[in-house]
Structures are given as C-alpha cells and as structure tokens.
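Take a look at the structure below.
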Amino acid sequence: MKKIYKINDLDCAHCAAKMEEKIKGLDGVINANVNFIAQKLTIEAQDGVFDEVVKKAAAICKEIEPDCTVEF
C-alpha cells in the first residue's frame with residue numbers, strides 16, 4: 001500500500017532527510033519519501049503493518065521536529 005500525507009510545520013530540509021532515513025528503517029517499509037518543498041510524506045509499506053508504520057512515522061517526525069505534524 002502507498003499513501004501520501006501532508007506534513008505541517010516542517011521547517012528544516014536536514015530534518016526532513018533525517019525523518020526519511022529513520023522511516024525507511026522501519027519494519028515493513030518498502031519505500032518512504034519526505035519532500036521538504038512540497039511538505040509531503042509518502043509511505044509505501046506492506047498492507048498488514050501499514051497503519052502501524054504510519055503511526056511510527058508520525059512519531060518519528062514529531063521526535064525530530066517537535067512542532068511538525070502529519071495529517072491523516
């Protein structure tokens with residue numbers, strides 16, 4: 001499954017790269033992209049774990065940049 005989410009208050013391109021790297025390392029993730037310019041998060045993950053991956057990805061974004069939120 002692959003979905004695109006809007007990211008709010010992502011202020012740092014370096015942080016976006018760190019988020020992408022950590023999200024790609026999650027179990028079940030096939031591919032992930034954090035686009036700083038478009039303020040979008042694209043996640044492609046296995047269907048059985050997709051919802052859990054999205055929750056973990058949102059937590060990673062919040063951890064790296066505390067004001068950042070992901071719109072579900």
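Below, each value reflects all heavy atoms present in this structure, side chains not excepted, and no hydrogens, waters or symmetry copies.
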- Query: More than 12 non-hydrogen atoms from neighbouring residues, nucleotides or ligands closer than 6.0 Å to CD on Glu21, yes or no?
  - Reply: no

Discussion item. What I'd like to find out is whether the side chain of Glu65 reaches to under 4.5 Å of the side chain of Lys18, using heavy atoms alone.
Written reply: no

In this structure, CZ of Phe36 is separated from SG of Cys15 (nearest 0.5 Å) by 9.0 Å

Anything under 3.5 Å between a donor and an acceptor, one on a side chain of residues 48-59, the other on a protein residue two or more places apart or in another chain? List them.
none

>> Would you say NZ of Lys62 has more than 12 non-hydrogen atoms from neighbouring residues, nucleotides or ligands within 6.0 angstrom?
In response: yes

- request: Could you walk me through whether Glu71 and Asn8 pass side-chain hydrogen bond (donor to acceptor under 3.5 Å, both in side chains), step by step?
  value: CA-CA 8 Å; Glu71 286 185 26; Asn8 297 309; 2.9 Å; yes

Side chains of residues 40-47: which donor-acceptor partners sit under 3.5 Å, not counting sequence neighbours?
residue	atom	partner	partner atom	Å
Asp47	OD1	Met1	N	2.9

SG (Cys68) and CG (Asp11) are apart, to the nearest 0.5 Å, by 8.0 Å

One should read off an interatomic distance between Ile60 CD1 and Lys24 NZ, to the nearest 0.5 angstrom, of 13.0 Å

Separation between OG1 (Thr69) and CD1 (Ile7), nearest 0.5 Å, reads 9.0 Å

d(Met19 CE, Asn33 CG) to nearest 0.5 Å is 12.5 Å

Out of curiosity, does Ile23 fall in the hydrophobic cluster containing Phe72 (side-chain heavy atoms, cut-off under 4.5 Å, transitive links)?
yes

